[in-house]
Every structure is written in structure tokens, then in C-alpha cells.
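Here the structure is laid out as C-alpha cells; the discussion comes afterwards.
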There are 2 protein chains.
Amino acid sequence: MAQAETDEGRGLLAEQRRAAIAAEVRARGGVRVTDLVLRFGVSDMTVRRDLDALARDGLLEKVHGGAVALGESSAHEPGFEAKRTLETAAKEAIAEAAAALVPRGGAVALSAGTTTYALARRLTDVSELTVVTNSMRIAELFAQRLRPPGARHGATVVLTGGMRTPSDALVGPVADQAIRSLNFDLAFVGCHGISIAAGLSTPNLAEAETNRALIAAARRVVAVADHSKWGLAGLATFAPLTAVDTWVTDGGLAETACAEAAEHVRHLLIA
Amino acid sequence: MAQAETDEGRGLLAEQRRAAIAAEVRARGGVRVTDLVLRFGVSDMTVRRDLDALARDGLLEKVHGGAVALGESSAHEPGFEAKRTLETAAKEAIAEAAAALVPRGGAVALSAGTTTYALARRLTDVSELTVVTNSMRIAELFAQRLRPPGARHGATVVLTGGMRTPSDALVGPVADQAIRSLNFDLAFVGCHGISIAAGLSTPNLAEAETNRALIAAARRVVAVADHSKWGLAGLATFAPLTAVDTWVTDGGLAETACAEAAEHVRHLLIA
DNA sequence: CTCCTTCATCGAACATATTCAAACACGGTT
DNA sequence: AACCGTGTTTGAATATGTTCGATGAAGGAG
């Protein structure tokens with residue numbers, strides 16, 4: 001097992017190296033094979049095989065020259081790393097703006113997704129809040145914060161049941177039925193695509209059905225989606241644009257798109 | 001791979017060696033077999049067997065070349081972790097025996113609890129199995145193992161919804177309603193106390209209600225509880241002993257208790 | 001076209017599970 | 001005390017699996 005010179009990760013187990021690669025992809029949006037070769041001091045073939053394994057596990061997507069996080073098809077452009085990190089910035093900005101819409105003492109629903117997850121992080125300290133979600137990650141977030149004091153108890157969390165999708169959403173009849181027995185002031189829903197023709201859409205049929213239930217149980221619907229999702233359509237539409245009371249997005253949305261969107265949603269909020 | 005001479009830890013008891021390995025994994029995130037061989041001065045096979053035992057106890061995950069800490073997605077709860085170290089051997093034995101009751105291709109329910117968690121660890125590889133649970137920890141366990149999508153699909157997991165108790169159970173009307181819409185062959189339920197007068201009981205009222213729903217939806221009920229729970233009664237009873245088809249417990253139960261219990265439950269299974 | 005990336009194949013080194021036997025402690029009997 | 005069966009822990013041997021790097025050919029990107 002001969003190792004090379006640069007050796008930040010010399011002696012790591014193969015599994016640890018893969019975990020580090022996966023973390024890098026999550027953090028930066030993408031990695032290059034050549035960079036990983038230098039960083040870990042292994043051959044390019046070993047890195048490629050790691051990327052193969054991770055891609056098979058659905059943790060990233062291989063592209064020419066390296067690998068990128070899932071969910072973005074336009075990865076061949078130069079500078080996709082920068083774009084990707086900007087999008088996390090966009091998500092944080094959207095989350096910040098959306099959090100301001102949450103009423104004290106209210107009941108809100110959060111769909112599964114990375115944008116709603118960013119929003120959830122800002123709601124853990126809001127007291128007297130009730131949160132309904134079908135995301136195990138979001139539920140865990142609140143469970144951790146709920147621990148230390150007995151005094152000021154933060155939000156109450158209700159997790160819908162269901163079966164777990166690869167993207168960590170709980171879906172299916174169990175989830176839908178649970179949601180239908182509840183009512184909340186506000187539903188924050190993420191999506192994979194948002195457009196005039198297809199409205200809010202996702203590639204997962206079951207997730208679409210669950211999102212429909214979330215929307216039906218809410219008095220008002222807030223869509224959270226960054227500008228890169230405008231014009232995209234997933235397999236299943238779960239709501240027309242007219243069902244959206246407020247769309248919270250980031251400043252990257254083109255002016256023409258802003259104007260178009262504003263005609264269909266009630267309020268357009270640029271973070 | 002043969003012997004070693006550096007023997008920092010030679011002469012340690014097996015348990016001490018294992019505790020040291022577990023601590024190392026927690027501290028550094030991973031260990032390799034060859035390093036442990038040098039450090040303890042034992043053979044590679046001995047190290048492997050230690051890692052096997054620790055992996056069975058859920059303290060680490062074996063990988064090629066060594067072992068790594070478990071996925072960090074599992075939120076560490078003191079309430080849960082504290083109980084995990086109690087009566088470990090008995091719980092593992094009970095889990096082993098209970099796992100043998102699970103039919104291939106069946107649908108089973110697992111209540112929340114440390115004993116059912118130990119049982120769940122033995123069910124992750126059973127194929128064609130459907131598992132219903134109100135424990136986020138158990139659901140996470142299966143989600144981790146589910147990774148290779150096409151290859152060998154393990155169990156299908158349905159998580160009931162609800163609100164989270166300190167001991168990691170999802171309870172409340174949402175959970176109860178979800179369970180009532182399902183049916184399963186077998187329900188494995190843990191409890192805080194089991195006695196002739198109070199039957200199966202728990203200190204948490206909501207959890208009792210949820211367990212009642214689980215029992216009502218099951219054709220057969222299997223109670224899993226170690227001997228230390230015999231004679232105890234929590235605030236809320238959720239089932240009389242006569243509702244229990246099989247009680248799986250460990251050899252620590254006194255003979256007089258065995259005889260008493262056997263009169264009330266249909267089958268008594270001593271692991 | 002040229003440069004770089006990717007992939008398939010192979011051999012070497014390493015890791016693993018399985019099996020068997022030796023060493024040791026324990027508990028009770030003679 | 002010595003003896004013996006039982007069960008546990010450990011190390012060695014072997015066959016099988018896995019990881020990894022070198023090589024060279026095929027295929028994209030610019």
C-alpha cells in the first residue's frame with residue numbers, strides 16, 4: 001500500500017477518505033479529481049473508484065474532472081463551485097427572510113428540503129411555536145435544541161409519519177393522512193422546480209402528494225426556492241403558482257422573471 | 001499478519017481492551033486493525049473479534065481495514081444513551097431470541113425503547129420485511145443500512161408521526177391515528193414495568209396511548225423486557241398481561257417469578 | 001489536432017472469515 | 001490437593017475478498 005508525498009490523509013481508512021470526500025462535496029458543491037489526489041496522496045484511480053462508490057450510494061454525481069453535489073444539472077459550466085457556494089448563501093438569505101414571516105405562537109409546517117432546513121435552523125429558538133414537518137432532519141434539529149433548559153421550552157415539533165425517501169422526506173399515505181388531520185397558519189414548502197406552466201414541482205411522485213396535503217392544510221402557502229429553480233419542472237406538479245401566497249427567493253432572479261412571477265403569485269419577496 | 005512485540009496494553013483484560021478501542025474510535029473517528037495489533041500486542045484476529053463485538057453492541061461500525069465511529073446523523077440524546085448501558089447483556093440476549101420470532105416477508109411493529117432498538121439492529125438485513133415504528137432512532141438505523149439501492153433491498157420502514165418524548169418515542173394523536181390505519185403480524189413492545197397487577201406500564205401517558213394503538217393493530221403481541229422490570233409499575237398501564245402472547249426475557253428472572261408470569265402470558269421465552 | 005480525463009485489466013499487497021487447536025479459568029467431585 | 005469436564009479466550013493456517021497503483025487504449029474538451 002504505497003502512499004504518495006502530500007499526505008494530509010495518510011493512513012486513513014478507505015471509508016474515512018470517502019466520508020471526507022462526501023463532506024467536501026457537501027460543503028463546496030464540487031471537487032476535482034486532481035485536487036483529491038494531492039490532498040490524500042493516493043492515485044487518481046483510487047479517487048475515481050471512491051467517486052464511483054459514492055455516486056452509487058447517491059451521495060454525489062460524477063462529472064468530467066470530478067464530482068458535484070446532487071440536484072444541479074448544469075455542472076459543466078466553469079465556475080460551478082462558485083455558483084454553488086453562492087446558492088448556499090442564497091438559501092441562507094431566503095431562510096432569513098422567511099423566518100421573519102413566522103408569527104409568534106403560531107403553527108407552521110415545513111416541507112422537507114435543504115432550503116426549509118436552513119429556515120428551520122432559525123426557528124429553534126422561537127418560543128410558543130408549533131412546527132409540523134415531514135423531514136426527519138428538521139425534527140432532529142429541534143430535538144437537539146429542546147434539551148438543555150427545562151425553563152424556556154422552544155418550539156413544539158410534530159413529525160408526520162411515513163416512509164423515507166432518499167432526500168430524507170417522510171411521504172406516503174401515512175404522512176398524508178397525518179397532515180390532513182392538522183391545520184396550520186403557514187406552510188413553507190420547497191421545490192425542485194418553479195415555473196408558470198408547471199407551478200411548483202418535484203421529481204418524486206409521493207413527495208408531491210405529501211406536499212399537496214401540506215398546502216391543503218395551510219391557510220397560507222410560502223414557497224422558498226432560490227433563483228436557479230425558476231423555469232425548471234420536475235415530474236410531478238403539486239401546486240399552481242396561484243396557490244402560492246408568497247414566494248421568497250434571492251436577488252439572483254432576472255428582472256423579466258421577477259415581473260412574470262409577480263403576476264402569478266400574490267407576493268414576491270426578494271431576500 | 002502475525003504477532004507483535006510493542007505491548008503497551010499486554011495483559012489487559014479483554015473488556016479493558018475493548019473499552020480502550022471504543023474510546024479510541026470515539027476520540028479519533030476511526031482505528032485500523034494493524035495499529036491496534038501493535039498497540040495491544042495481540043493478534044489481528046483478536047482485534048477483529050473485538051471489533052465484531054463492539055459493532056454488535058452498536059458502538060462502532062466495522063469497515064475494511066478497521067472501524068469507524070457511527071454516522072453522526074444520529075443525534076445523541078442523554079436520556080437514551082444513559083439507558084443503553086444498563087443490562088446490556090440481557091438486552092442483547094433478549095433481542096437475539098426475539099429476532100428469531102420475526103417471519104420472513106412479514107410486517108412487524110417495534111415500539112420505542114432500548115430493548116427494541118437492540119432488536120432492530122438484528123433486523124436490518126432481513127429482506128422483504130416491513131417495519132412500523134414510532135422511534136426515530138430505529139428508523140435511522142434502517143435508513144443507514146438501506147444504502148445500496150438496487151442490490152439487496154433490506155427492510156421497508158414506516159415511521160409513525162407524532163411528537164417526540166425525551167426517550168425518543170413519537171407519540172400523540174398523530175402517531176395513534178397513523179398506527180390505527182395499519183395492521184401487522186407482530187408487535188414488539190418494550191415497557192418500563194411489567195407485573196401481574198399493572199400489566200405492561202410506562203411513566204408517560206401519551207406513550208401508553210400509542211403503545212395501546214400498536215397492540216390493537218397487531219395480531220400477536222411480543223413483550224420484550226429484562227428481568228429488572230418485573231414487579232415494577234409505571235404511571236400508565238397500556239396492556240394487561242393476558243394481552244401478551246409472548247414475553248421474551250432473560251435468565252435473570254427468579255424461578256418464582258417465572259412460574260407466576262407463565263400463568264398469565266401465553267408463552268414465556270427465556271433467552 | 002493535442003492535451004487531459006476516463007476506464008478496463010492485471011498483479012501485488014493487504015484484509016477477512018472460517019476452522020482448529022492450545023492455553024486458561026472456573027466449579028465441582030473425588 | 002489433585003482431577004476432570006466445560007466454556008472462554010486466544011493464536012495459527014488457509015482460502016477467499018478487497019483495495020490499490022501501473023499501464024495503455026478509448027474518448028472528450030479546447
Side-chain angles (χ1 to χ4, degrees), chain A residues 1-22 25 30-57 60-68 73-81, chain B residues 1-21 25 30-57 60-68 88-89 92-93 96 125 147-148 151-152 251 271:
Chain A
M1 211 188 291
Q3 302 272 349
E5 294 302 320
T6 42
D7 54 10
E8 176 191 323
R10 187 202 289 266
L12 277 189
L13 293 160
E15 282 298 328
Q16 290 179 294
R17 193 182 54 235
R18 287 181 189 165
I21 292 174
V25 169
V31 289
R32 314 190 67 85
V33 171
T34 52
D35 292 344
L36 295 174
V37 166
L38 288 175
R39 172 160 166 206
F40 293 111
V42 296
S43 76
D44 60 330
M45 273 314 302
T46 299
V47 169
R48 270 180 239 291
R49 278 185 283 244
D50 286 343
L51 296 182
D52 271 338
L54 291 168
R56 220 175 300 122
D57 286 356
L60 49 76
E61 185 186 357
K62 279 184 76 179
V63 297
H64 204 97
V68 295
S73 58
S74 58
H76 288 256
E77 308 173 39
F80 61 83
E81 284 193 22
Chain B
M1 209 181 295
Q3 270 283 91
E5 60 240 79
T6 43
D7 49 16
E8 171 194 326
R10 191 198 290 271
L12 281 188
L13 274 64
E15 278 305 321
Q16 292 177 293
R17 194 181 54 236
R18 286 179 189 169
I21 292 174
V25 169
V31 289
R32 62 177 49 235
V33 171
T34 53
D35 292 344
L36 295 174
V37 165
L38 289 175
R39 173 160 166 206
F40 292 114
V42 296
S43 77
D44 60 322
M45 275 316 304
T46 299
V47 170
R48 270 182 243 291
R49 279 185 280 245
D50 287 342
L51 296 183
D52 271 336
L54 292 168
R56 245 198 316 281
D57 286 356
L60 48 76
E61 185 185 1
K62 273 186 80 178
V63 298
H64 201 98
V68 295
T88 314
E92 295 299 328
E96 187 76 41
D125 286 331
R147 298 198 314 187
R152 177 181 48 160

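Quick note on labels: first sequence line is chain A, next is B, and so on, each numbered from 1.
- Side-chain contact between Val68(B) and Val25(B) is absent, with no heavy-atom pair separated by less than 4.5 Å.
- In terms of the side chain to side chain contact (heavy atoms under 4.5 Å, CB included) criterion, residue partners of Ala55(B) (sequence neighbours excluded) are, by chain and number, Leu60(B), Lys62(B).
- Listed nucleotides dG21(D), dC20(D), dG11(D) differ in distance to Ser43(A); the shortest reach to its side chain belongs to dG21(D).
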**OP:** Could you encode protein contacts along nucleotides 5-10 of chain C as a string, one character per nucleotide from 5' to 3', using B for base contact, S for sugar-phosphate-only contact and - for no contact, with a heavy-atom cut-off of under 4.0 Å?
**Re:** SBBB--
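- For Arg48(A), the side chain to side chain contact (heavy atoms under 4.5 Å, CB included) partners at least two apart in sequence or on another chain are Val33(A), Asp44(A), Met45(A).
- The CG-C1' distance, from Leu36(B) to dG11(D), rounds to 17 Å in whole Å.
- Taking only side-chain nitrogens and oxygens, Arg17(A) comes nearer than 4.0 Å to OP1 or OP2 of dC20(D).
- Atom pair Leu13(A):CG and dT19(D):C1' shows a separation of 12 Å (rounding to whole Å applied).
- For Thr34(A), the side chain to side chain contact (heavy atoms under 4.5 Å, CB included) test picks out Arg32(A), with sequence neighbours left out.
- Listed by chain and residue number, Arg39(A), Phe40(A) satisfy the side chain to side chain contact (heavy atoms under 4.5 Å, CB included) test with Ala20(A) (two or more places apart in sequence, or in another chain).
- Between the CG atom of Leu38(B) and the P atom of dC14(C) there is a distance of 13 Å, rounded to whole Å.
- In this structure, Leu36(B) and Arg17(B) have side chains that are not in contact, with every pair of non-hydrogen atoms separated by 4.5 Å or more.
- Nearest-nucleotide positions on DNA chain D place Glu15(B) closer to the 5' end than the other of Thr46(A) and Glu15(B).
- Rounded to an integer number of Å, the gap from CD of Gln16(B) to P of dT10(D) is 12 Å.
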